[in-house]
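The sequence lines fix the lettering, A, B, ..., with proteins before strands; numbering per chain opens at 1. Remember, it's a predicted structure, so these values are computed and weren't measured experimentally.
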Amino acid sequence: MKRTKINLLIKLEKSPGNVLVKGWVRTRRGSKGFSFMEINDGSCLKNIQVIATGDLKNYHDIETITTGSSVSVAGKLAESPGKGQKWEIQAENLEIINLAPESYPLQKKRHSDEFLRTIAHLRPRTNKYGAAFRLRSEMAFAIHKFYREKGFRYLTTPLITGSDCEGAGEMFRVTSLDPEKVKEQGEMDFTMDFFGQESNLTVSGQLSAEMFALALGDVYTFGPTFRAENSNTSRHVAEFWMLEPEMAFCDLKENMDHGEELVKYLTRHAMAECSEDMALFSNFVDKSLSKRIDTILNSEFGRISYGEAIEILKKSKKKFDFKVKYGIDLQSEHERFLAEEYYKKPVFLTDYPKGIKPFYMRMNDDGKTVAAVDLLVPGIGELIGGSQREERLDILEKRMNEMNLPMDDYWWYLDSRRFGSAPHSGFGLGFERFLMMITGISNIRDVIPFPRTPGRIDF
RNA sequence: UCCCCAGUAGCUCAGUUGGCAGAGCAAUUGGCUGUUAACCAAUGGGUCCGCGGUUCAAGUCCGUGCUGGGGAGCCA
């Protein structure tokens, strides 16, 4: 008999008679002569109840089944006379695949997130983490679906990069040099290294994506990204996934339209395809989740310039630790006030002063601000960061000079402005931060399978 | 990296003024003929985070290190 997954089984209207289920025992309740078991196979949140009676030939062994054990159950799918479930399996053949010893760390009760992080290899067997990682999978699929429907091309950009000055934070060095020899020589000779020059793990695929947007039109990258920052917060990890769309013939407004459409599409997809898991999050993880999802789906995101934001912050009676002044980079407290208290919904901030933004952002006509855009979201902070790119060669070169960037390293990037340059825009969306937003899970380490943070690379 | 808080049984946590190491859940064993984080009873279980110090006596006080959490900076 072929195995049926539990997500299909529990949806059945009529019993097909006998079924075969394989999974892990969440709990066993024994009485004299029979046992109830809850089996979960990871296909969905729900367990299937199995009843095993004393007339089974291996019933003596069945009585020893512990939480966490793996089993294979064949039997009749019957309507359950008990409350709480429609179906149950009346076991006719129950095979113990592996008995979990008493040291199995997951109990049939709530565990703290901190404890579960220490057993990250087992935590997907819990309701909450199972739901989180099913949703993560579904959201990755939804990203590809969204872009395919819109005629975008999926681009995979290199994870190892030679440019050491992308300006998006500390980078991880990639080298094949022998540490012992480096110690003898007293310094690293990069000409002897694998690539003949210094190389690092990427902090963004954007520059590569721009080249392909100016060839294929609309592209997106979706893959891992690395930051060697010594960040110890609930919103940062050293290895995370980022979605980066890049669109030719697209200005800042269209860039925002795209970001808003994307966030709404993915959120709608989560509600439609993962309703059961989403219900768990709003019932047990974050009581305000339903309201936030509703706001994301049904409100128009705010859109204001940096200058307007500064005015709003100044006029507010709120006391900030950092004084608000035109030209400063906005602090967390400022961003939170704008998204959580003033607008109470996601809000785009545009047109930042050029001094606090990177070289590739397009200079506005005022000569002081650039066509940058950040999307601030209640509870998360910055979800999206992007811009319209500077497509005018002379202005781009001038900016790079001002910022002392080595022009030679960027010869290929500048070529794109030399040969058929065109307006284009794009942004980066932090995949884990998006997952935090739609699950209400408050620590980024709990939405990524095996988190990498300063001082920790377990599993 | 900085600020604040915490570390006691497998888990969650209590532990008074410095004076015998505790609870609930879990586990183990037994009971129970339809359970729902089953129920009832019994039993076992400790490097009180590490190191050093004060003291007749330290889980408790002091110093230091490590780990975890919250916040800040950096950013996705």
Side-chain angles (χ1 to χ4, degrees), chain A residues 26-38 46-55 63-64 66-68 78 80-85 88 90 100-119 126-127 166-170 202-206 222-244 320-322 329-336 356-358 374-377 380-386 427-437 442-448 453-456 458:
Chain A
R26 286 291 177 84
T27 175
R28 185 180 64 84
R29 299 178 285 270
S31 280
K32 185 169 192 173
F34 64 92
S35 284
F36 285 100
M37 265 162 276
E38 302 279 341
K46 284 214 170 77
N47 307 321
I48 186 81
Q49 174 165 287
V50 170
I51 176 161
T53 50
D55 49 10
E63 281 187 303
T64 68
T66 49
T67 300
S80 173
K83 282 178 187 157
Q85 63 280 320
E88 68 183 20
Q90 294 165 353
E102 63 194 68
S103 55
Y104 182 66
L106 289 172
Q107 300 169 5
K108 17 184 178 179
K109 64 162 196 168
R110 225 188 109 83
H111 285 293
S112 68
D113 293 325
E114 291 81 8
F115 171 66
L116 290 170
R117 253 169 245 152
T118 69
I119 49 166
T126 65
N127 287 340
E166 291 185 31
E170 291 293 312
T202 184
V203 292
S204 163
Q206 180 200 317
F222 179 47
T225 303
F226 308 90
R227 301 284 162 86
E229 297 287 346
N230 188 13
S231 298
N232 289 286
T233 80
S234 53
R235 302 181 308 282
H236 293 88
V237 279
E239 178 184 299
F240 62 99
W241 280 58
M242 187 155 66
L243 165 67
E244 295 182 284
F320 295 111
D321 291 335
F322 291 84
D329 213 349
L330 294 181
Q331 306 291 316
S332 280
E333 55 176 346
H334 305 139
E335 295 184 346
R336 273 211 308 274
I356 56 173
K357 288 293 178 183
D374 284 356
L375 178 63
L376 307 181
V377 175
I380 304 294
E382 189 182 335
L383 176 68
I384 281 176
F427 59 78
L429 176 145
F431 187 49
E432 285 78 17
R433 288 197 183 165
F434 177 80
L435 293 175
M436 291 169 75
M437 180 181 78
S442 56
N443 196 310
I444 197 167
R445 289 160 220 174
D446 298 335
V447 294
I448 192 165
T453 50
R456 284 207 90 84
D458 301 336

Quiz item: Who pairs with A/D329 by salt bridge (Lys or Arg N to Asp or Glu O under 4.0 Å), at least two apart in sequence or on another chain?
Solution: none
Quiz item: For A/H111 and B/G69, what is the distance between atoms NE2 and C1' respectively, to the nearest whole Å?
Solution: 19 Å
Quiz item: In chain order, what residues pass the side-chain contact (heavy atoms from CB on, under 4.5 Å) check against A/H236, with sequence neighbours excluded?
Solution: A/S231, A/T233, A/R433
Quiz prompt | Any residue meeting side-chain contact (heavy atoms from CB on, under 4.5 Å) with A/A100, in chain and number order, not counting sequence neighbours | solution = A/T66, A/S69, A/Y104
Self-check item: Identified pairing partner of B/G24, criterion: Watson-Crick or G-U wobble below 3.5 Å
Solution: B/C11
Quiz item: B/C56 pairs with which nucleotide, Watson-Crick or G-U wobble, both distances below 3.5 Å?
Solution: B/G19
With sequence neighbours excluded, tell me which residues meet side chain to side chain donor-acceptor pair (under 3.5 Å) with [X].
| X | answer |
| --- | --- |
| A/S442 | none |
| A/E432 | A/R136 |
| A/E38 | A/R29 |
| A/Q85 | A/S80 |

For the side chain of [X], starting at C-beta, report the closest nucleotide among [options].
| X | options | answer |
| --- | --- | --- |
| A/R227 | B/C75, B/U35, B/G68 | B/C75 |
| A/Q85 | B/G68, B/C74, B/U35 | B/U35 |
| A/M242 | B/A76, B/C75, B/U33 | B/A76 |

Quiz item: Does any N or O in the side chain of A/E239 come within less than 3.5 Å of the main-chain N or O of A/F226, such that one atom is a donor and the other an acceptor?
Solution: no
Quiz item: Contact class for A/G82 (heavy atom, under 4.0 Å): base, sugar-phosphate, or nothing?
Solution: base
Exercise. Please indicate yes or no: is the ring centre of A/F431 less than 5.5 Å from the centre of the six-membered base ring of B/A76, with the two planes inclined by under 30 degrees?
Key: no
Sub-3.5 Å pairs of nitrogen or oxygen atoms, protein against nucleotides 70-72 of chain B:
residue	atom	partner	partner atom	Å
B/G70	OP1	A/N443	ND2	3.4
B/G71	OP2	A/S234	OG	3.3
B/A72	OP1	A/R336	NH1	2.8
B/A72	N6	A/N232	O	3.4

Quiz item: What does nucleotides 24-29 of chain B look like as a protein-contact string, B for base, S for sugar-phosphate only, - for none, at under 4.0 angstrom between heavy atoms?
Solution: BBSSS-
